[in-house]
Amino acid sequence: LRVLGEAPGWKVDPTAYEYSMNIIGKIRLDGIFSNDPYTRIAAFAEGEIRGAANLEYDENYDEHFVYLNIFSNTSSEEAITFKIWDAATGKVYRATLNGELSFTFMQNEVIGIKSAPVIFVNTSYIEQDIALNAGWTWISLYAEDENLGDLNTLTSSLSLADNDLIKGQLYFDVYDHGAGWNGALSNNGGLSSASMYKVRLAHANTLVIGGDETMLEVYRSGGDIHV
């Protein structure tokens with residue numbers, strides 16, 4: 001029995017868009033082509049989901065491909081970016097397509113064929129969605145977000161209340177609507193991916209951070225990952 005982490009809710013309504021294009025590709029994670037049918041690729045335009053697909057096995061080629069439909073209301077010139085959800089780790093990575101971080105949408109185009117598919121490759125940039133309860137939550141960070149040292153910027157999208165608290169092993173900060181986060185935690189560099197923290201909030205929130213992945217000693221075999 002395989003237990004998967006929670007997959008991102010990547011869904012798109014094709015009827016909301018006038019134009020489409022198609023990509024036939026493969027997914028390479030940490031230098032190895034994935035054969036995990038749960039691993040997903042998604043396309044975005046300015047942060048809006050425009051298409052998503054899982055890997056599918058083709059017995060004629062004995063390989064796994066993604067058949068990605070991308071939708072738009074602009075016939076051309078819209079920049080498309082990509083993310084990979086690695087089912088083996090439950091992590092979301094920014095991805096390149098044939099070495100490029102973005103791709104220009106072209107209506108009715110089909111990019112890639114099975115004998116020469118496009119290649120989606122994960123970068124070191126990873127996204128982390130951290131569910132924060134109303135009350136206490138233990139958190140650890142595996143994305144080196146550039147704002148870890150600035151709690152006010154890092155949490156600017158959250159619904160915060162007076163006396164919300166972030167507590168580390170040695171230091172803590174308390175939130176005030178007028179002054180923001182204040183305390184020894186901020187005065188000593190803010191958060192670190194090397195530590196765990198307890199967060200107490202009045203309201204449930206989701207903190208989204210992104211940056212280079214904190215490195216672990218891992219090796220990958222097909223769709224599986226080993227620490």
- Hey, does Thr96 have a side-chain heavy atom less than 4.5 Å from the side chain of Ile119? no
- Arg200/Asp164 salt bridge by N-O under 4.0 Å criterion: no
- Give a yes or no on whether a salt bridge exists between Glu127 and Arg94, defined as a side-chain N under 4.0 angstrom from a carboxylate O. no
- May I ask you to check whether Thr15 and Asp13 show a side-chain donor-acceptor distance below 3.5 Å? yes
- Query: Does a side-chain heavy-atom distance below 4.5 Å link Pro8 with Val92?
  - Reply: yes
- Query: Going by atom types alone, do Asp176 and Asn182 pair a side-chain donor with an acceptor below 3.5 Å?
  - Reply: no
- Do Phe44 and Phe82 have their ring centres less than 6.0 Å from each other? no
- Message: Does Asn69 form a side chain to side chain donor-acceptor pair (under 3.5 Å) with Ser20? I'd like the steps, not just the answer.
- Response: CA-CA 7 Å; Asn69 299 318; Ser20 66; over 6 Å; no
- Pairwise distance OG1(Thr104) to CD(Glu78) - rounded to 0.5 angstrom: 10.0 Å
- Item | NZ/NE/NH1/NH2 to OD/OE distance under 4.0 Å, Lys91 and Glu213 | yes
- Item | side-chain contact (heavy atoms from CB on, under 4.5 Å), paired with Leu132, selected from Thr206, Leu201, Thr155 | Leu201
- Does the cation-pi check pass for Lys167 over Phe172, that is, NZ or CZ under 6.0 Å from the six-membered ring centre and within 45° of its axis? no
- Message: Angle between ring planes, Phe65 versus Tyr67, binned at 30° and 60°: parallel, tilted or perpendicular?
- Response: tilted
- Query: Quick one: does Arg40's side chain get under 4.5 Å of Ile27's, heavy atoms only?
  - Reply: no
- Do you see a donor-acceptor pair shorter than 3.5 Å between the side chains of Asp62 and Tyr57? yes
- side chain to side chain donor-acceptor pair (under 3.5 Å) between His177 and Asp162: does it pass, once the steps are laid out? CA-CA 6 Å; His177 264 113; Asp162 290 344; 3.2 Å; yes
- Is there side-chain contact between Thr39 and Ile84, with heavy atoms separated by less than 4.5 Å? yes
- Determine, step by step, whether Ser159 and Asn205 satisfy the side chain to side chain donor-acceptor pair (under 3.5 Å) criterion, reporting the C-alpha distance in whole Å, the side-chain angles of both residues, the deciding distance to 0.1 Å, and the verdict. CA-CA 7 Å; Ser159 174; Asn205 283 272; 5.0 Å; no
- Query: Would you say the side chain of Phe71 lies within less than 4.5 Å of the side chain of Val12, judging by non-hydrogen atoms?
  - Reply: yes
- Task: Can you establish whether the number of heavy atoms outside Glu146 located under 6.0 Å from its atom CD is more than 12?
- Result: no
- Query: Going from CZ on Arg50 to OG on Ser72, what distance comes out if it is rounded to the nearest 0.5 angstrom?
  - Reply: 5.0 Å
- Item | Contact check, side chains of Lys26 and Phe120, non-hydrogen atoms, under 4.5 Å | no
- Under the side chain to side chain contact (heavy atoms under 4.5 Å, CB included) rule, what do Thr137 and Lys198 come out as? Steps first, then yes or no, please. CA-CA 6 Å; Thr137 308; Lys198 289 177 69 176; over 6 Å; no
- Can you check whether Phe105 reaches Ile70 side chain to side chain, under 4.5 Å on heavy atoms? yes
